[in-house]
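Written below as structure tokens is the structure these notes are about.
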Amino acid sequence: MTAVKKIGSALLIAAAAVGIGLALALFMPQSVAPGPTPPADTAIHSGRLPGYENAPVNTTPEYFWYLYNGSLSAAADGSIAVMLENTPGNECSMRVRYTMADDTILLTTPIIGVGEHLLYAYPEVLPQPGNYPLTVTIQVYHTGQDPATEEPFATYTEQAQLTIPKGAALTQKEAESSPPAAA
């Protein structure tokens, strides 16, 4: 084999290797480094829960209607999709407390007014991965009552299930920005 043929063969092999490398780079799945996850939307919003816009409203003021999520799950950042609604037509505000089986208060929501909803909340502490039964206590307050100093005039109790997946954890930022649980 002559020197020219050897150089030509080497260049051809190098070009083929570069071509294969480029093809693999273009067609192989690319992993993108995940950016920071934005905090969950923990604000109280006016209006119906998304997806429940056509649900019935309370037309009998002496009753209290609400929507709540009975199958809760924590996100990677530790936020919990509570999906609560104080149904339009009510005459009272509400606050919701989530209590674990050992009587540990997982979280207490801010006051939710009539026709308002809450999508997510951060607990004070996040339990270890697993499934937990919860007691959901809906505390109802008349207009003019001070929830900070007065007992609710009505209380409703529901049951829910909480799932904490592996890897879920409260970050310091979310834990610090969470409102303190009310007693």
Side-chain angles (χ1 to χ4, degrees), residues 38-127 130-165 168 170-171 173-183:
D41 180 3
T42 59
I44 303 288
H45 295 279
S46 293
R48 305 300 307 265
L49 269 172
Y52 292 89
E53 294 86 359
N54 295 324
V57 297
N58 185 0
T59 57
T60 312
E62 56 267 10
Y63 295 113
F64 186 80
W65 290 19
Y66 53 87
L67 295 175
Y68 81 102
N69 182 5
S71 183
L72 305 164
S73 183
D77 69 350
S79 64
I80 297 174
V82 292
M83 296 183 59
L84 295 166
E85 179 184 284
N86 185 342
T87 305
N90 288 335
E91 294 182 346
C92 302
S93 59
M94 71 181 204
R95 177 171 53 201
V96 182
R97 178 175 291 148
Y98 294 85
T99 308
M100 299 185 64
D102 65 358
D103 290 331
T104 300
I105 296 172
L106 184 69
L107 69 91
T108 302
T109 69
I111 297 296
I112 303 170
V114 175
E116 294 181 336
H117 68 271
L118 175 64
L119 298 173
Y120 297 92
Y122 286 99
E124 290 297 311
V125 294
L126 196 64
N131 294 310
Y132 300 92
L134 295 177
T135 299
V136 181
T137 307
I138 295 95
Q139 301 169 324
V140 182
Y141 296 91
H142 282 300
T143 304
Q145 268 191 294
D146 181 3
T149 59
E150 297 181 56
E151 292 294 318
F153 87 91
T155 302
Y156 301 98
T157 304
E158 304 284 354
Q159 298 302 309
Q161 188 71 24
L162 171 64
T163 300
I164 306 292
L170 287 172
T171 63
K173 182 178 178 184
E174 283 91 8
E176 288 175 359
S177 67
S178 295

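In this text the structure is predicted, and so the values were computed from the model without any measurement. These values consider heavy atoms only, across backbone and side chains, with no hydrogens, waters or symmetry-generated copies.
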Is there a donor-acceptor pair under 3.5 Å between the side chain of Q145 and the backbone N or O of E151?
yes
Given 3.5 Å as the limit, does a donor-acceptor pair link the side chain of R48 with the main chain of A55, or not?
yes
To check you understand the geometry: which heavy-atom pair defines the closest contact between L106 and P127, and what is its length?
CD1-CD, 3.9 Å
Atom CG of D41 and atom OH of Y120: how far apart are they, to the nearest 0.5 Å?
8.0 Å
Only one of I105, T104, T108 passes side chain to side chain contact (heavy atoms under 4.5 Å, CB included) with T99, and that residue is I105
Nearest heavy-atom contact between I111 and P147 is CD1-CG, 3.5 Å
Can you tell if the side chain of V96 reaches within under 4.5 Å of the side chain of V82, non-hydrogen atoms only?
no
Calculate, to the nearest 0.5 Å, the distance between atoms NE2 and CD belonging to H45 and E85 respectively.
13.0 Å
In Å and rounded to the nearest 0.5 Å, what is the CG to CG distance from L134 to L162?
5.0 Å
Beyond-backbone contact of Y98 with T109, side-chain heavy atoms, under 4.5 angstrom:
yes
So, do P152 and R95 sit near enough that their side-chain heavy atoms are less than 4.5 Å apart?
no
Between E53 (side chain only) and G51 (backbone N and O only), is there a donor and an acceptor less than 3.5 Å apart?
yes
Within this structure, what is the CZ-CD1 distance for the pair R97 and I138, rounded to the nearest 0.5 Å?
12.0 Å
Quick one: pull up OG1 in T137 and CE in M94 and give me the separation to the nearest 0.5 Å.
12.0 Å
Write down the atom of Y68, the atom of Q159, and the distance for their closest heavy-atom approach.
OH-O, 3.3 Å
Go through it in stages, so that I can follow the logic: the residues are M83 and Y52, the test is side-chain contact (heavy atoms from CB on, under 4.5 Å), and I'd like the CA-CA distance, side-chain angles, deciding distance and then a yes or no.
CA-CA 11 Å; M83 296 183 59; Y52 292 89; 4.2 Å; yes
Non-hydrogen side-chain atoms of C92 and F153 separated by less than 4.5 Å:
yes
N86 vs F64 side-chain heavy atoms within contact, under 4.5 Å:
yes
Atom CG of N90 and atom CG of N58: how far apart are they, to the nearest 0.5 Å?
5.0 Å
Atom of L170, atom of P123 and distance for their closest heavy-atom approach:
CD1-O, 3.5 Å
Should W65 and V57 count as side-chain neighbours, where that means a heavy-atom distance under 4.5 Å?
no
Shortest non-hydrogen separation from I164 to A74 and the atoms involved
CD1-CB, 3.7 Å
What do you reckon, is CG of D146 surrounded by more than 12 foreign heavy atoms closer than 6.0 Å?
yes
Would you say D77 and Y122 make side-chain contact, with heavy atoms under 4.5 Å?
yes
Is Y66 close to I112 at the side-chain level, that is, under 4.5 Å between some pair of heavy atoms?
no
Testing the basics here: between L49 and L118, what is the closest heavy-atom pair and its distance to 0.1 Å?
CD2-O, 4.3 Å
